[in-house]
Amino acid sequence: MGVQEPLSRMPQMRLDELLEELQARINAARGTRDRVHSLLEAVVSVGRELDLSQVLRRIVEAAALLVDAQYGALGVIGPDGKTLSQFLTYGLTDEEIARIGPLPAGHGILGELIRDPEPLRLTDLGADEASYGFPPHHPPMRTFLGVPIRVRDEVFGNLYLTDKRGGQDFDAEDESVISTLSVAAGVAIDNARLYEGSQRQQRWLQANAEITNSLLSGSPRLEVLELIAHRAQEITGAALADVSVPVAGTDDLVVELAIGADGADGADGKTRRGLVIPVEGTLSGAAYQAGAPVTTAGLAEDDRYTSGPGRFDGLGPAVAVPLGTAAKDTRGVLLLARHLGEPVFTEGELEPLLAFAGQAALALELAERRSGAEQLALLEDRDRIARDLHDLAIQRLFATGMTLQSAGRLVQNEGAAERISRAVGDLDETIKIIRSTIFGLRAREEDTRPSLRAHVARAVGETATTLGFPPRLSMEGLLDTDVPAQVAEHVVAALTEMLSNAARHAHATRVEVSLQATSDEVILTVTDNGRGIPAEGRRSGLRNLEERAQSLCGTLDIARPDEGGSRLVWRAPLAAGVDTP
């Protein structure tokens, strides 16, 4: 038999057990009180923020601290309701996240919670049959607790918590605490979204007013486009913003303006400017054809749009918005793209963005109409100047010339008579120059070909630097209307060659250029007072001029004036530039 305890000690033992049980209950009560206090603090902390991104980060951080989880994450469900569009983590460093690679899209256990939005607890995450496995460099995780977050009866996203510290499993109390936090989180997210929406609406209104003011102040079209792109980029938080416009006569778009996303990992706005984009297979093209916004969750990864030109590495959610109220009225497309991992464009963002795009289209239309009105005013002013020159200046000069010519017959002194004759010749030359100017002013504006007069004047003006003096230029005839484009190109090229030869070889102190369009040919004459063309020497330039004239069934004549120097006369028939059946 064993030795029995003295009867006097048994009450003491029962008292110790009761004290231990009482202490345990006190500790449990204290722990519950502390946990409730922590939960209340977490709810207040989450509800204090109005910035949505900060609210989400506070939620995942508070959840992990409440249940003592080593890792936590909050996944925001995308517009398709099947995948995650945003994934915020807790417990992982930036270096660890970079090594893991692309963020989860909603497969495996994460997808189970999306399909069945109910709290889920697992003892071994990797052993579950729905587990999708971990990517390389992902830290090992075992215990798991997932709870959905609802905003107004709609599942906004899910809280994911793993690895309770101390190696313990998540229990029912942990689930209850996180479920309570998720209710408060839903309210906080709703408030933040409402606040963010009102702030965004205010910024859109300010942007519209700024664009209108810019138009009313007479800003050029490109400046208005840049303002539209900048404001859209700032308000939506986009990394890249560009404006594409249709290319006349083709099925392509061209990037007229692009800003942002400069760097090795993103589409460089500077390199995209001027880029031709096919309508088929591109996000901007799809929006242009549909006349409605088109979105994608990952621009760099979307098979529909990677076939198009342009680099989209590092860019994720994107939206292309047509600039117009209907497909037939679309004046261009505004493309906005965010970095990978950032939120997709929601319906709440698209509505004010579409209104802004409509306002931008109206702004572009007003700019075009104002430009047209200014062009019309310019043409009317040109016509008035041409009419005044013809009716006033030429008539008076002609009358003066006739008077001098009559007076010259009465002058007996030969020297005086010669001077009067020279003055009459100068007046005739002046009349020719004024008439040539009138023809230029009245050139048809709808003719989109570059002005031959402007090209010739520019070529002569540029040669003044190399010659050391400005050549004398005279132009006569319907140069901008009667000379075909093909012949005009050869005229400019021949003039450039002649002036270059005069600057390099003639050593002249005077150069005269005359360009005349008759009823059937164009005649270019360049005269200088230099040392002339040597009988022997390099004649490659002259051969080029001759071959250019012969290609148009024209001629090149080389002469030496009596006063010295050289005279080159280059001719080409106007019919040479007209296509025949």
Side-chain angles (χ1 to χ4, degrees), residues 418 421-437 439-440 452-479 482-483 487-574 576-577:
E418 183 181 354
S421 177
R422 192 182 310 126
V424 171
D426 289 340
L427 285 175
D428 287 340
E429 187 68 22
T430 303
I431 291 174
K432 290 180 180 180
I433 294 173
I434 293 176
R435 280 177 174 169
S436 177
T437 303
F439 286 136
L452 175 58
R453 291 176 178 275
H455 280 181
V456 169
R458 186 181 303 115
V460 172
E462 291 173 350
T463 312
T465 304
T466 54
L467 284 172
F469 57 88
R472 181 180 178 183
L473 172 63
S474 65
M475 292 184 282
E476 184 179 353
L478 301 176
L479 295 170
D482 287 4
V483 180
V487 176
E489 291 177 2
H490 285 282
V491 169
V492 174
L495 174 61
T496 303
E497 181 73 27
M498 291 178 180
L499 293 175
S500 176
N501 288 340
R504 288 182 296 178
H505 308 302
H507 299 284
T509 59
R510 186 182 76 253
V511 175
E512 297 179 359
V513 177
S514 171
L515 181 62
Q516 179 184 11
T518 66
S519 59
D520 56 359
E521 68 176 349
V522 59
I523 305 170
L524 173 63
T525 305
V526 176
T527 306
D528 66 71
N529 65 346
R531 59 187 183 184
I533 300 174
E536 296 181 358
R538 297 180 58 187
R539 304 177 66 89
S540 57
L542 297 176
R543 186 166 56 251
N544 290 338
L545 289 171
E546 188 173 12
E547 292 175 353
R548 189 179 293 277
Q550 290 175 353
S551 68
L552 298 175
C553 299
T555 61
L556 172 67
D557 295 327
I558 304 173
R560 184 179 181 89
D562 296 338
E563 62 272 16
S566 62
R567 178 184 295 116
L568 303 180
V569 182
W570 189 94
R571 300 170 180 266
L574 299 181

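The analysis underlying the following values was restricted to heavy atoms, covering all of them including side chains, and did not include hydrogens, waters or symmetry mates.
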For the pair V456 and L524, evaluate side chain to side chain contact (heavy atoms under 4.5 Å, CB included) and give the outcome as yes or no after the intermediate values. CA-CA 11 Å; V456 169; L524 173 63; over 6 Å; no

Distance in Å, L552 CG paired with H490 NE2, rounded so as to fall on 0.5 Å steps: 4.5 Å

Interatomic spacing from CE in M498 to CG in L542 - rounded to 0.5 Å: 9.0 Å

Could you report the tightest heavy-atom contact between A549 and R571, atom names first, then the distance? CB-O, 4.1 Å

Can you tell me how far apart CZ (R567) and CD (E512) are? Round to the nearest 0.5 Å. 9.0 Å

What do the steps show when you test L574 against D520 for side chain to side chain contact (heavy atoms under 4.5 Å, CB included), and what is the final call? CA-CA 6 Å; L574 299 181; D520 56 359; 5.7 Å; no

Of all residues at least two apart in sequence or in a different chain, which pass the side chain to side chain donor-acceptor pair (under 3.5 Å) check with Q516? none

If you apply the rule side chain to side chain contact (heavy atoms under 4.5 Å, CB included), what do you find for V460 with L495, and how did you get there? CA-CA 8 Å; V460 172; L495 174 61; 4.2 Å; yes

To the nearest 0.5 Å, how far apart are CZ in R543 and CG in L556? 12.5 Å

Report the residues that fulfil side chain to side chain donor-acceptor pair (under 3.5 Å) with T496, sequence neighbours left out, ordered by chain and then residue number. none

Give, for atom OG of S566 and atom CZ of R531, the distance between the pair rounded to the nearest 0.5 Å. 11.0 Å

Show the nearest heavy-atom pair for residues A508 and G530, with the distance to one decimal. CB-N, 3.7 Å

Step by step, work out the side chain to side chain contact (heavy atoms under 4.5 Å, CB included) result for L452 and V487. CA-CA 10 Å; L452 175 58; V487 176; over 6 Å; no

Which residues pass the side chain to side chain contact (heavy atoms under 4.5 Å, CB included) test with A517, not counting sequence neighbours? L479, V483

Flag, side chain of W570 to backbone of A494, donor-acceptor distance under 3.5 Å: no

Looking at CG of D528 and OG1 of T509, how far apart are the two atoms once the value is rounded to the nearest 0.5 Å? 9.0 Å

If we only count heavy atoms from C-beta on, is the N529 to E563 side-chain gap below 4.5 Å? no

